[in-house]
Number of protein chains: 2
Amino acid sequence: MTSDTSIARPSSRTGETWTIAQVAEEFDVTHRTVRHYEDLGLISPERRGTQRVYHRRDRTRLSLILRGKRLGFPLEEIRTIIDLFDAPRGRRTQLEYVLGQIDERRTDLEQRLRDVQDAIAELGEFERRCRDDLGRLDHV
Amino acid sequence: MTSDTSIARPSSRTGETWTIAQVAEEFDVTHRTVRHYEDLGLISPERRGTQRVYHRRDRTRLSLILRGKRLGFPLEEIRTIIDLFDAPRGRRTQLEYVLGQIDERRTDLEQRLRDVQDAIAELGEFERRCRDDLGRLDHV
DNA sequence: CTTGACGTTGACGTAAACGTAAAGCACTAT
DNA sequence: ATAGTGCTTTACGTTTACGTCAACGTCAAG
């Protein structure tokens, strides 16, 4: 909208970094939301001076956060989950802990899977009844 | 725990009604939660004098509410959804409205279905990598 | 008739997830 | 030099979904 020619925009200079405005728009959230996630430790963008610089890693995390939200997880729990992906995994104890966590999460997700499937099924059944009613209204 | 013999408990006298304590325990929520749902118009138990009397209908609604919550829907939205099931459906306009709503909900739910499936898949992939790491630690 | 056990209505408190100014820096375009 | 655009922090406000007393009603048992 403003001049967009010939100037070195702070944007794709590096080709792989983004400003807060760019990620906010891309993921359809506000700056405030993005910063809030940072406050809670869900993302930690680089700082160039005072400004935040977002990398691919941050965007990956953001999409994980938003999916987690769509699934109804609280942000704190989302943090522990996506932190899992970046966990050390060096020692055996660590790996076994991580595998345990994975199992917990899967159990949870499978419950949600059933919930969604049930809800969709009920909706389908309900739609059928409505269409029946509609059909009866037609050929009176 | 207290005396449980020979007295007409307020419970299954009618065989099909429940007290707030009973439904609360059955669904593993507090009285406060149940009353909160009533305040928001999600359930509307019968009143016998000042006391609330819950019927099968209320329990059905409660389970729908709790599933909706597990799926991350806000209570207000849950209300409009489950109210849909009890909507009049008499006139054609009503039926078409309801069918439209059903479609909106289904779209939403199908998004969530994809989200859950993706999340489970990613978790599986991640577990595989962890097991690989663990295997490498084994036969050193 | 008093004591529980259970139920009721306020009403204030709280945690989560942001919204919404307010006020100030940094750059650069005119 | 100044205005504009974008980013920053600080901080109080708001909504949702209940938690947590407080204070009182009721009914059967001892």
Side-chain angles (χ1 to χ4, degrees), chain A residues 1-13 17-54 58 62 65-81, chain B residues 1-13 17-54 58 62 65-81:
Chain A
M1 291 5 175
T2 54
S3 73
D4 200 19
T5 48
S6 69
I7 331 112
R9 286 241 150 262
S11 60
S12 53
R13 261 280 305 288
T17 67
W18 293 264
T19 71
I20 192 170
Q22 289 172 328
V23 297
E25 195 197 1
E26 179 175 353
F27 288 95
D28 196 31
V29 294
T30 66
H31 317 47
R32 182 65 178 87
T33 299
V34 177
R35 280 200 302 277
H36 183 57
Y37 294 160
E38 184 178 347
D39 287 345
L40 298 188
L42 286 144
I43 46 183
S44 34
E46 185 198 340
R47 289 298 180 117
R48 214 160 279 177
T50 167
Q51 309 244 131
R52 292 169 174 84
V53 178
Y54 295 85
D58 301 305
L62 246 176
I65 294 167
L66 296 179
R67 193 181 64 194
K69 279 204 53 185
R70 286 198 298 276
L71 297 180
F73 289 99
L75 291 178
E76 275 297 327
E77 198 170 342
I78 293 177
R79 183 166 59 86
T80 73
I81 298 176
Chain B
M1 293 3 177
T2 54
S3 75
D4 199 22
T5 49
S6 72
I7 331 112
R9 286 240 151 264
S11 58
S12 54
R13 262 279 307 287
T17 68
W18 293 264
T19 71
I20 192 169
Q22 288 171 330
V23 297
E25 195 197 1
E26 179 175 353
F27 289 94
D28 195 31
V29 293
T30 66
H31 316 47
R32 181 63 178 88
T33 300
V34 177
R35 277 200 250 85
H36 183 57
Y37 295 160
E38 183 178 348
D39 287 345
L40 297 187
L42 287 144
I43 45 182
S44 32
E46 185 198 339
R47 291 298 180 116
R48 214 160 278 176
T50 166
Q51 310 242 133
R52 292 170 173 83
V53 177
Y54 295 86
D58 300 306
L62 246 176
I65 294 167
L66 296 179
R67 194 180 61 194
K69 278 204 54 186
R70 285 198 300 274
L71 297 179
F73 289 98
L75 291 177
E76 274 298 327
E77 198 170 343
I78 293 177
R79 183 166 59 86
T80 73
I81 298 175

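Model, not experiment: these values are computed from the prediction. Reminder, nothing fancy here: chain letters follow the sequence lines and each chain counts from 1.
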Going from [atom1] on [X] to [atom2] on [Y], what distance comes out if it is rounded to the nearest 0.5 angstrom?
| X | Y | atom1 | atom2 | result |
| --- | --- | --- | --- | --- |
| B/Glu46 | B/Gln51 | CD | CD | 11.5 Å |
| A/Ile78 | A/Phe73 | CD1 | CZ | 8.0 Å |
| B/Tyr37 | B/Arg32 | OH | CZ | 10.5 Å |

Output the rounded distance in Å from [atom1] ([X]) to [atom2] ([N]).
| X | N | atom1 | atom2 | result |
| --- | --- | --- | --- | --- |
| A/Ile65 | C/dA16 | CD1 | P | 16 Å |
| A/Arg48 | C/dA26 | CZ | P | 17 Å |
| B/Trp18 | C/dG7 | CH2 | P | 15 Å |
| A/Glu46 | D/dT8 | CD | P | 12 Å |
| B/Phe73 | D/dA17 | CZ | P | 13 Å |

| In chain order, what residues pass the side chain to side chain donor-acceptor pair (under 3.5 Å) check against A/Thr80, with sequence neighbours excluded? |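 Per chain and number, A/Thr80 pairs via side chain to side chain donor-acceptor pair (under 3.5 Å) with no residue.
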| said: Using the side chain to side chain donor-acceptor pair (under 3.5 Å) criterion, which residues pair with B/Glu38? Sequence neighbours excluded. | reply: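 Expected list: B/Arg47, B/Arg52.
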Give a yes/no answer on whether the side chain of [X] brings an N or O atom under 4.0 Å of OP1 or OP2 in [N].
| X | N | result |
| --- | --- | --- |
| A/Lys69 | C/dA17 | no |
| B/Thr19 | C/dC6 | no |
| A/Arg52 | D/dT8 | yes |

| task | Look at atom CD of B/Glu26 and say whether more than 12 heavy atoms of other residues, nucleotides or ligands are closer to it than 6.0 Å. | result |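 Result for CD/B/Glu26: enclosed.
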| said: Tell me whether the count of non-hydrogen atoms from other residues, nucleotides or ligands lying under 6.0 Å of CG in A/Asp39 goes above 12. | reply: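 More than 12 within 6.0 Å, yes.
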Using the 3.5 Å cut-off, write out each protein N or O paired with an N or O of nucleotides 24-26 of chain D and the distance between them.
none

| request: Tell me, please, which residues at least two apart from A/Arg79 pass salt bridge (charged side-chain N to carboxylate O under 4.0 Å, His left out). | output: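 Partners of A/Arg79 by the salt bridge (charged side-chain N to carboxylate O under 4.0 Å, His left out) criterion, ordered by chain and then number, come out as A/Glu76.
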| field | Nearest to side-chain heavy atoms of B/Arg47, which nucleotide of C/dC18, C/dT9, C/dG7 | value |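 Nearest listed nucleotide: C/dT9.
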| Qualifying residue for side chain to side chain contact (heavy atoms under 4.5 Å, CB included) with A/Leu42, from A/Val34, A/Ile65, A/Leu62 |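 Exactly one candidate clears the test, A/Ile65.
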| request: Please list residues of residues 30-40 of chain A whose heavy atoms come under 4.0 Å from any atom in DNA chain C, ordered by number; otherwise none. | output: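 Heavy-atom cutoff 4.0 Å gives A/Thr30, A/Arg32, A/Thr33, A/His36, A/Tyr37.
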| task | With a 4.0 Å heavy-atom cut-off, tell me which residues in residues 74-81 of chain B come close to DNA chain C, sorted by residue number. | result |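 The stretch gives none, as no residue of it lies under 4.0 Å from the strand.
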| query | Is B/Glu77 reaching over with its side chain to a backbone N or O of B/Pro74, donor-acceptor style, under 3.5 angstrom? | reply |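 Pair absent, no side-chain N/O of B/Glu77 close to backbone of B/Pro74.
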| query | What is the minimum heavy-atom distance between A/Ala24 and A/Thr30, and which atoms define it? | reply |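 Closest pair (atom of A/Ala24, atom of A/Thr30, distance): CB-C, 4.1 Å.
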